[in-house]
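I have placed the structure first, in the form of structure tokens, so that the comments after it can refer back to it.
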Protein chains: 2
Amino acid sequence: MTGHQPDEERIFELLQALNKGISPKFERCAGISPTRLRLLHELFQVEEISQIALQKEIDIDAAAITRHLKGLEESGMVNRRNNPVDNRVTLVSLTQQGRDKVHSYKEEKKRFISSLLTGFDEQDRKSLVDKLARLQHNINLL
Amino acid sequence: MTGHQPDEERIFELLQALNKGISPKFERCAGISPTRLRLLHELFQVEEISQIALQKEIDIDAAAITRHLKGLEESGMVNRRNNPVDNRVTLVSLTQQGRDKVHSYKEEKKRFISSLLTGFDEQDRKSLVDKLARLQHNINLL
DNA sequence: AACAAATGGTTGACGGGTCAATTAAATTGG
DNA sequence: CCAATTTAATTGACCCGTCAACCATTTGTT
């Protein structure tokens with residue numbers, strides 16, 4: 001009634017290894033880090049958004065948001081301005097340049113994900129989504 | 001012949017989110033970071049090993065190894081000495097204290113992984129291992 | 001009105017990873 | 001045998017995430 005422990009360990013190791021593999025490769029392929037692309041993607045959809053809302057959407061630390069946006073502003077991808085009706089919040093939006101670049105980034109991302117999933121048919125993907133979602137759910141209970 | 005893109009994106013997002021969830025929770029539960037525990041676990045099995053061999057086993061940067069082992073040495077978990085037959089290499093081993101602690105760490109890890117996989121039966125685990133391994137394989141081709 | 005609490009953002013320090021440059025020791029080859 | 005190369009380890013600089021402390025502003029209470 002045992003022999004299941006090895007599989008469990010294996011899953012844990014694979015998840016760790018996968019993590020370590022995906023982010024750097026993605027960044028090399030797409031030319032941007034996954035997190036930054038998620039920021040840009042969100043901005044792409046909403047036109048203008050407060051940092052705090054962005055932070056909650058992306059689910060990342062406030063400090064990290066500040067630094068990413070500072071960087072993105074310096075590289076001309078993003079604009080920031082104070083919300084006139086509440087001077088605590090800063091509103092963020094894509095520049096035209098940022099808006100343009102997001103397109104190519106998204107293309108790269110699509111390509112990357114496709115090659116990540118080469119050999120996976122519809123059923124494989126559904127099954128994987130299901131299991132990953134269950135893992136996610138279990139984690140949140142801890 | 002489309003509609004598969006959403007699943008692919010979802011898988012990518014889930015993997016990212018999972019990563020972000022697992023490591024901190026693990027550390028909180030087990031009292032040690034996953035990487036450090038992997039180091040200790042390896043040392044536990046081999047009695048004594050060179051840093052370079054350890055590094056290849058764990059698949060991590062040499063700089064990171066140096067710093068982890070420095071830390072573990074300071075906290076009394078690990079011994080290091082020069083290899084008398086080749087003064088370039090440093091040999092690493094668990095102290096008795098380290099050896100003792102590994103036991104409890106491994107228990108915690110087992111518990112953690114089990115709760116991570118609650119609701120997964122034999123078949124689910126096999127299927128998940130299979131798919132994660134295929135992802136891993138695909139990544140390595142990039 | 002004034003003081004207390006909550007909110008949004010920034011900064012500094014830290015852990016964990018990478019890469020690039022450096023050092024010391026060993027190995028190789030002319 | 002000595003010079004060139006390779007190898008193991010270390011260090012510094014950087015990216016990315018966290019948390020904790022702090023500041024400014026707004027909101028709520030009395």
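So that the names make sense, note that chain A is the first sequence line, chain B the second, and so on, each numbered from 1.
- Distances shown here put every side-chain N or O of B/Thr35 at or beyond 4.0 Å from the OP1 or OP2 atom of C/dG16.
- Residue A/Ser23 is out of contact with every strand shown, counting any heavy-atom pair closer than 4.0 Å.
- Look at A/Gln55 and you won't find any side-chain N or O under 4.0 angstrom from OP1 or OP2 of C/dG9.
- Heavy atoms of B/Thr66 sit under 4.0 angstrom from at least one base atom.
- Between C/dG15 and B/His68, no contact under 4.0 Å exists linking OP1 or OP2 to a side-chain N or O.
- A salt bridge between A/Arg125 and A/Glu122 is present, with a side-chain N of the basic residue lying under 4.0 Å from a carboxylate O of the acidic one.
- One hydrophobic cluster, built from ILVMFWY side chains closer than 4.5 Å, cannot hold both B/Leu43 and B/Ile52; they sit in different ones.
- For B/Ile22 and D/dG17, the CD1 to C1' distance is 16 Å, given to the nearest whole Å.
- The separation between A/Lys70 atom NZ and C/dG9 atom C1' is 11 Å, rounded to whole Å.
- For the pair A/Leu135/A/Leu15, a side-chain contact is recorded, criterion being any heavy-atom separation below 4.5 Å from C-beta on.
- Between the CZ atom of A/Arg38 and the C1' atom of D/dC16 there is a distance of 13 Å, given to the nearest Å.
- Less than 6.0 angstrom separates the ring centroid of B/His103 from the ring centroid of B/Phe44.
- Toward the 5′ end of DNA chain D lies the nearest nucleotide of B/Ser50, the other residue of the pair A/Asp59 and B/Ser50 mapping further downstream.
- Between the P atom of C/dA24 and the CZ atom of B/Arg88 lies a distance of 15 Å, rounded to the nearest Å.
- Across all strands, A/Asp86 comes closer than 4.0 Å only to sugar-phosphate atoms, never to a base (heavy-atom distances).
- Of the residues near DNA chain C, B/Asp61 and A/Asp61, the one whose nearest nucleotide (by heavy atom distance) lies more toward the 5' end is A/Asp61.
- Here B/Ile60 lies in heavy-atom contact (under 4.0 Å) with sugar-phosphate atoms only.
- B/Arg28 comes within 4.0 angstrom of nothing in the nucleic acid, heavy atoms only.
- Using a 4.0 Å heavy-atom criterion, one finds that B/Asn87 contacts the sugar-phosphate atoms exclusively.
- Under 3.5 Å, the side chain of B/Arg67 and the base of D/dG12 form at least one donor-acceptor pair of N or O atoms.
- Between A/Asp7 and B/Phe120, every side-chain heavy-atom pair lies at or beyond the 4.5 Å cut-off.
- Rounded to whole Å, the distance from CD on B/Glu73 to C1' on D/dT10 is 14 Å.
- Going from atom CD of B/Gln51 over to atom P of C/dT23 covers 19 Å, rounded to whole Å.
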